[in-house]
Asks: 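Let me begin by handing over the structure; questions about it come next.
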Amino acid sequence: MPSDQPRTAYVVKVYPRFSETFIVTEILAREAAGETLSIYALRPTTDSRFHPQLAQVRAPVTHVPRPYKLSAEWETLARAQAELPRFGERLGALMPLLVRLDPSDVGQAVDLALRLRRDGIDRVHVHFANMASWCTAIAAALLDIPFSVTTHAKDLFHDDVDRVVLREVLRRAETVVTISDYNARFLLTEIDPDLGDKVVLVRNGLELSRFTYRDPATPGPALHVLAVGRLVEKKGFSFLVDAVAGLRAQSRRAEVRIVGEGELAADLAAQVAAAGLQDAVSLVGSRSQAELVAELDWADVMVAPCVVGADGNADGLPTVLLEAMASGVPCVATDVTGIPEAIHPATADAPATGILLSRDRAGLVSRVADALHQVADPGWPRVEVARAARSAVERDFDTTTQAALLAATTGALV
């Protein structure tokens, strides 16, 4: 690589985070392409399990402490006044943003700026337009360096999103990366039409070599159903449980494994027990990437009955759907945000890549049950669907291609 290649930092709220494998995949792809990266995390992880791919990341990780005392914040400001050129002037120009933030986040942002300057960072990329992006926007302004931000889902759609802060941060970013065409439209119609050409599409990618494709076999007497994700409302797993109860009432057999942890674990367990489905539905907890491959080998179908939560939160495009598509496991999913860009019915121009359902809650249970009936039918064109799905992932979601696009569009390569 050229010797004048910019030094790029990744800023994230938490690192490592078990559920954010796409960030690690992206970092590894950029490092494989020859980039030298650094990682800065603003909150400690609370995860108890970690994916082995973390050990392959070469980038040094700096955990930036959050100040909890005014004296600590004052000390940081004093150092910044001494070390950062035009610090007072630049901090004052940020006041419309600063007054809407927690003071400790502002202190942490100034500390981040000091660390980025010390480490010789030339540009910053941040995942999620949440507090990590606020801190990054402040730090980048204090250093007069460019930053880019990848927006996802909860940072856009949740009712708690402060759209004033969001617009301010995105306007300050050099590049606003979106993971789907749906999100790009949302940004330009609902958030800020003036973002214009600043918004670019870079999809979350997979390291395809880790997911070996196999043609799906005809299911046996019991359909093997896999669902993966955090046990939260937007994943819609309660609709899957009710659908399986309906199948049982029609003497249709299904074995379901729900992989994940979350706040609704107890509620789902109670729902399973109340329906008498303990022998059919298993809540198996979290799984590593290697363990997930084994789950995919077991599955006849991956089901993602996603809905829009009562708080407005919605999925972007669950990575696990792409992993299933890459592995040859047919998928059933709802048309939430970016999911139809991967899973869609047959059109005049393209074959079906899965079964896509309406996300409307009314009738969703019966639609999921009907889709499972369809997948279990020996005559359903599962091989054709699976091959089309794998081709779609290879074309649109290869992490090597997407990471190179990210590096190019954010100016990380010169």
Side-chain angles (χ1 to χ4, degrees), residues 6-17 20 22-23 26-27 30 35 37-44 59-67 73 76-77 80 84 87 90-91 93-152 154-156 161-179 187 191-192 195 198-200 202 406-407 409-412:
R7 297 192 60 182
T8 301
Y10 265 67
V11 175
V12 292
K13 182 177 179 180
V14 176
Y15 185 89
R17 176 165 273 180
E20 294 176 359
F22 53 88
I23 295 179
E26 180 179 287
I27 289 171
R30 294 184 68 166
E35 292 189 71
L37 306 175
S38 298
I39 300 170
Y40 298 79
L42 305 181
R43 297 288 186 273
V61 180
T62 299
H63 293 275
V64 182
R66 186 182 188 187
E73 292 186 47
T76 299
L77 294 175
L84 301 183
F87 171 68
R90 288 172 172 169
L91 190 68
L94 289 164
M95 200 55 63
L97 174 60
L98 303 185
V99 295
R100 299 185 71 90
L101 303 181
D102 188 295
S104 65
D105 290 338
V106 177
Q108 193 172 29
V110 176
D111 189 2
L112 174 64
L114 289 165
R115 294 170 188 269
L116 295 175
R117 184 173 188 268
R118 175 200 65 196
D119 296 342
I121 298 299
D122 300 297
R123 69 171 49 243
V124 183
H125 186 67
V126 56
H127 268 277
F128 293 96
N130 55 18
M131 58 82 55
S133 73
W134 314 335
C135 290
T136 296
I138 295 168
L142 294 177
L143 298 178
D144 193 25
I145 62 174
F147 78 96
S148 51
V149 55
T150 294
T151 57
H152 289 271
K154 187 177 182 179
D155 52 341
L156 298 180
V161 172
D162 184 332
R163 291 196 173 187
V164 174
V165 171
L166 178 61
R167 280 191 288 270
E168 179 70 17
V169 168
L170 298 185
R171 287 170 181 172
R172 290 180 173 277
E174 181 181 67
T175 305
V176 177
V177 178
T178 177
I179 62 169
L187 285 169
I191 303 301
D192 189 353
L195 291 175
K198 181 183 290 191
V199 176
V200 298
V202 180
L406 177 64
T409 56
T410 59

Asks: Report yes if the side chains of Leu94 and Leu142 come closer than 4.5 Å at any heavy-atom pair, otherwise no.
Replies: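 In short, these two side chains touch, coming nearer than 4.5 Å.
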Asks: Supply the atom-to-atom distance Glu168 CD to Leu97 CG, rounded to the nearest 0.5 angstrom.
Replies: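 Reported value, rounded in 0.5 Å steps: 5.5 Å.
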Asks: Tell me every residue that passes salt bridge (Lys or Arg N to Asp or Glu O under 4.0 Å) with Arg171, counting only those two or more places apart in sequence or in another chain.
Replies: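 Salt bridge (Lys or Arg N to Asp or Glu O under 4.0 Å) list for Arg171, sorted by chain: Asp192.
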Asks: Determine which pairs satisfy side-chain hydrogen bond (donor to acceptor under 3.5 Å, both in side chains) with at least one residue from residues 132-146, sequence neighbours left out, and list them in order.
Replies: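 Listed once each, the pairs would be none.
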Asks: Are Glu174 and Thr410 side-chain neighbours, meaning at least one heavy-atom pair lies under 4.5 Å?
Replies: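 Contact flag for Glu174/Thr410 side chains = no.
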Asks: Given 3.5 Å as the limit, does a donor-acceptor pair link the side chain of Thr175 with the main chain of Val199, or not?
Replies: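 Side chain of Thr175 to backbone of Val199, a donor-acceptor pair under 3.5 Å: no, none is there.
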Asks: Quick one: side-chain contact (heavy atoms from CB on, under 4.5 Å) partners of Ala140, sequence neighbours excluded?
Replies: Ile145, Phe147
Asks: Which residues pass the side-chain contact (heavy atoms from CB on, under 4.5 Å) test with Asn130, sequence neighbours left out?
Replies: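 Testing Asn130 for side-chain contact (heavy atoms from CB on, under 4.5 Å), a comparison that skips the adjacent residues, returns Lys13, Phe128, Ala132.
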Asks: Testing Val12, Ile121, Val61 one by one against Tyr40 for a side chain to side chain contact (heavy atoms under 4.5 Å, CB included), which residue passes?
Replies: Ile121
Asks: Could you point out which residue of Val165, Leu170, Val164, Val169 forms a side chain to side chain contact (heavy atoms under 4.5 Å, CB included) with Arg167?
Replies: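 The passing option is Val164.
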Asks: Mind checking salt bridge (Lys or Arg N to Asp or Glu O under 4.0 Å) for Asp102 and listing every partner two or more places apart, or none if nothing turns up?
Replies: Arg66
Asks: Is it true that Glu26 and His127 share a donor-acceptor pair across their side chains at a distance under 3.5 Å?
Replies: yes
Asks: Mind checking what makes salt bridge (Lys or Arg N to Asp or Glu O under 4.0 Å) contact with Arg100, not counting sequence neighbours?
Replies: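 So Arg100 forms a salt bridge (Lys or Arg N to Asp or Glu O under 4.0 Å) with Asp162.
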Asks: Could you tell me which residues satisfy side-chain hydrogen bond (donor to acceptor under 3.5 Å, both in side chains) with Tyr15, sequence neighbours excluded, listed by chain and number?
Replies: none
Asks: Do any pairs count as a side-chain hydrogen bond (donor to acceptor under 3.5 Å, both in side chains) and have a residue in residues 108-118, sequence neighbours left out, and if so which ones?
Replies: Arg43-Gln108, Asp111-Arg115
Asks: List in chain and number order the residues that pass side-chain hydrogen bond (donor to acceptor under 3.5 Å, both in side chains) with His125, two or more places apart in sequence or in another chain; answer none if no residue qualifies.
Replies: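 Residues passing side-chain hydrogen bond (donor to acceptor under 3.5 Å, both in side chains) with His125: Ser148, Thr150.
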Asks: Partners of Glu73 by salt bridge (Lys or Arg N to Asp or Glu O under 4.0 Å), sequence neighbours excluded?
Replies: none
Asks: Checking Phe87 now: which residues fulfil ring pair (Phe, Tyr, Trp, His ring centres under 6.0 Å) with it, not counting sequence neighbours?
Replies: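 Phe87 satisfies ring pair (Phe, Tyr, Trp, His ring centres under 6.0 Å) with no residue once adjacent residues are dropped.
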Asks: May I ask you to test the Arg30-Thr8 pair for a side-chain heavy-atom distance under 4.5 Å?
Replies: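 Yes, their side chains come closer than 4.5 Å.
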